[in-house]
There are 2 protein chains.
Amino acid sequence: MPGKVKPQRESLELVILGVLAEEPLYGYSIIKRVAARSEDAIRLTAGVLYPLLHELEADRLIASTWETVRSERAGEASAGRKRKWYHLTAKGRRRLSQRITAHRAFQSMIEAFFPPRADEETAT
Amino acid sequence: MPGKVKPQRESLELVILGVLAEEPLYGYSIIKRVAARSEDAIRLTAGVLYPLLHELEADRLIASTWETVRSERAGEASAGRKRKWYHLTAKGRRRLSQRITAHRAFQSMIEAFFPPRADEETAT
DNA sequence: CCAAATATATCGGATGCCGATGTATTGTCA
DNA sequence: TGACAATACATCGGCATCCGATATATTTGG
């Protein structure tokens with residue numbers, strides 16, 4: 001019975017599909033990008049990201065292609081470093097807008113609880 | 001060491017402290033209230049709520065008092081139904097504003113990814 | 001009178017989370 | 001040139017979380 005809930009995963013999915021909506025990225029760069037965008041608030045670790053990326057790909061929300069980066073220095077002989085580039089699929093794009101909608105729904109409920117005060121402080 | 005992260009719990013904490021900030025409620029009424037407020041988007045179940053309420057109380061974020069509701073019909077002899085009313089403590093109020101701040105931080109990152117379109121629907 | 005709703009509560013199996021770990025290549029700097 | 005940091009991918013397993021199932025009791029409505 002598909003459709004099980006994966007608590008934390010949902011917001012991670014939102015974030016990952018979100019960055020990939022802008023442009024294709026490879027795993028390591030996703031980690032850096034998200035950290036930068038969130039000012040280190042969201043720290044994806046390899047142990048969390050890669051399995052998630054595999055799941056997302058299995059679900060056809062994203063797709064990948066390999067790139068082999070060969071260094072000049074090392075020359076022809078080197079095996080090269082491998083990068084797996086991920087990009088959103090059409091299905092992924094649909095899922096993303098669903099997630100955004102769901103997030104906004106939650107958000108509006110939160111705002112209903114705590115209407116932003118005009119005189120609110122702007123952080124400490 | 002205390003201070004471990006509890007993924008899903010955090011947003012639940014936000015929601016629960018949020019409703020209790022408005023007025024004291026008892027468990028069952030929290031479930032109904034949250035369901036109503038979120039238009040059934042957030043369905044707290046007893047199995048999730050009560051343990052969480054106990055934790056929150058142990059952490060002194062909320063406090064409780066028992067009420068015994070005796071029905072007219074049943075009369076003096078009846079044991080009465082028990083309601084455990086919860087209300088926010090000062091500590092709970094501080095925690096709540098922390099959670100709101102954290103939520104808004106996450107929120108603003110999401111907005112950075114997906115800037116709200118000017119032509120967006122306002123929902124009803 | 002009985003079923004549904006109200007009301008609180010616990011428990012345990014399934015699942016998710018993520019730190020630790022592993023492997024390999026490239027960049028850098030003394 | 002050697003070695004350490006950073007880049008880059010990936011898996012695994014233990015512990016914590018999650019939440020459905022379950023238990024118990026009272027009240028309300030038809």
Side-chain angles (χ1 to χ4, degrees), chain A residues 1-13 15-16 24-36 42-59 62 64-86, chain B residues 1-13 15-16 24-36 42-59 62 64-86:
Chain A
M1 52 234 79
K4 291 246 62 174
V5 201
K6 301 187 182 180
Q8 175 75 342
R9 195 217 163 163
E10 266 177 67
S11 32
L12 256 15
E13 194 178 291
V15 168
I16 292 170
L25 294 169
Y26 54 92
Y28 193 80
S29 65
I30 292 176
I31 292 173
K32 299 298 179 188
R33 178 68 58 93
V34 169
I42 298 179
R43 304 176 190 206
L44 286 175
T45 59
V48 173
L49 182 64
Y50 291 115
L52 188 44
L53 245 16
H54 298 330
E55 268 183 78
L56 258 21
E57 187 171 26
D59 291 347
I62 59 179
S64 65
T65 54
W66 282 101
E67 177 199 14
T68 300
V69 182
R70 214 173 309 274
S71 66
E72 303 167 28
R73 181 111 73 175
E76 308 285 310
S78 80
R81 173 180 289 163
K82 285 170 179 187
R83 283 179 183 159
K84 199 171 181 179
W85 291 86
Y86 289 97
Chain B
M1 48 181 79
K4 290 243 61 172
V5 203
K6 302 186 181 181
Q8 175 74 342
R9 195 220 163 157
E10 267 177 66
S11 32
L12 255 17
E13 194 177 291
V15 168
I16 291 169
L25 293 169
Y26 53 92
Y28 193 81
S29 65
I30 291 177
I31 292 171
K32 298 300 179 186
R33 177 68 58 94
V34 170
I42 299 179
R43 302 176 190 210
L44 287 175
T45 57
V48 173
L49 181 63
Y50 290 114
L52 188 43
L53 246 16
H54 299 329
E55 269 183 78
L56 258 21
E57 187 171 25
D59 292 346
I62 59 178
S64 65
T65 54
W66 281 101
E67 177 199 14
T68 301
V69 181
R70 214 174 305 276
S71 65
E72 304 167 27
R73 184 89 78 179
E76 308 285 309
S78 81
R81 172 181 290 163
K82 285 170 180 188
R83 282 178 183 160
K84 200 171 182 179
W85 291 85
Y86 289 98

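Values below: all heavy atoms of this structure, side chains included; hydrogens, waters and symmetry mates excluded. To find a chain, count down the sequence lines: A is the first, B the second, and so on, and within it residues start at 1.
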Given the rule in the side-chain contact (heavy atoms from CB on, under 4.5 Å) test, do B:Leu56 and B:Arg9 qualify, once you have shown the distances and angles that lead to the verdict?
CA-CA 11 Å; B:Leu56 258 21; B:Arg9 195 220 163 157; 3.0 Å; yes
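- Taking atom CZ on A:Arg43 and atom C1' on C:dC17, their separation rounds to 17 Å, with Å as the unit.
- Within the nucleic acid shown, A:Gly27 comes within 4.0 Å of sugar-phosphate atoms alone, with no base atom in reach, counting heavy atoms only.
- For the residue pair B:Pro51 and B:Ala46, the shortest heavy atom distance occurs at CD-O, 3.7 Å.
- Atom CD of A:Glu67 is separated from atom P of D:dT7 by 16 Å (rounded to the nearest Å).
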For side-chain contact (heavy atoms from CB on, under 4.5 Å), just list the numbers for B:Leu53 and B:Ile30, CA-CA rounded to whole Å, side-chain angles, deciding distance to a tenth of an Å, and then say yes or no.
CA-CA 10 Å; B:Leu53 246 16; B:Ile30 291 177; 4.3 Å; yes
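- For A:Arg81, the listed nucleotide lying nearest its side chain is C:dT25; candidates were D:dC19, C:dT25, C:dA7.
- In this structure, the CD1 atom of A:Ile30 is 12 Å from the C1' atom of D:dA8, given to the nearest Å.
- Listed nucleotides: D:dT7, D:dA10, D:dC18. Nearest to the side chain of A:His54: D:dA10.
- Side-chain nitrogen and oxygen atoms of A:Lys84 include at least one within less than 4.0 Å of the OP1 or OP2 phosphate oxygen of D:dA10.
- What separates CZ of B:Arg70 from P of D:dT26 is a distance of 11 Å, to the nearest Å.
- With D:dG20, D:dA8, C:dT6 as the choices, the nucleotide that has an atom nearest any side-chain atom of B:Tyr28 turns out to be C:dT6.
- Across the protein-nucleic acid pair, A:Lys82 atom NZ and C:dG22 atom P stand 22 Å apart, rounded to whole Å.
- No engagement by A:Trp85 is indicated, since no non-hydrogen atom pair under 4.0 Å with the nucleic acid exists.
- The 5' end of DNA chain D is approached more closely, in terms of each residue's nearest nucleotide, by A:Pro51 than by the other of B:Pro51 and A:Pro51.
- Comparing A:Gly80 and B:Tyr26 against DNA chain C, the residue whose closest nucleotide sits nearer the 5' end is B:Tyr26.
- Nearest to the side chain of B:Ala79, among D:dT26, C:dT8, D:dG20, sits D:dT26.
- B:Leu49 places its CG atom 18 Å from the P atom of D:dA21, with the value rounded to the nearest Å.
- The residue B:Arg83 sits close only to the backbone: its heavy atoms come under 4.0 Å of sugar-phosphate atoms, none of a base.
- The side chain of A:Lys32 contributes no N or O atom lying less than 4.0 Å from OP1 or OP2 of D:dA6.
- Rounded to a whole Å, the CG atom of B:Leu53 is 11 Å from the C1' atom of C:dA9.
- Nearest heavy atom pair, residue B:Arg70 against residue B:Ala79, reads NH1-O, 3.6 Å.
- The separation between A:Glu10 atom CD and D:dT17 atom P is 19 Å, rounded to whole Å.
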Candidate pair B:Tyr26 and B:Trp66, rule side-chain contact (heavy atoms from CB on, under 4.5 Å), full reasoning
CA-CA 9 Å; B:Tyr26 53 92; B:Trp66 281 101; over 6 Å; no
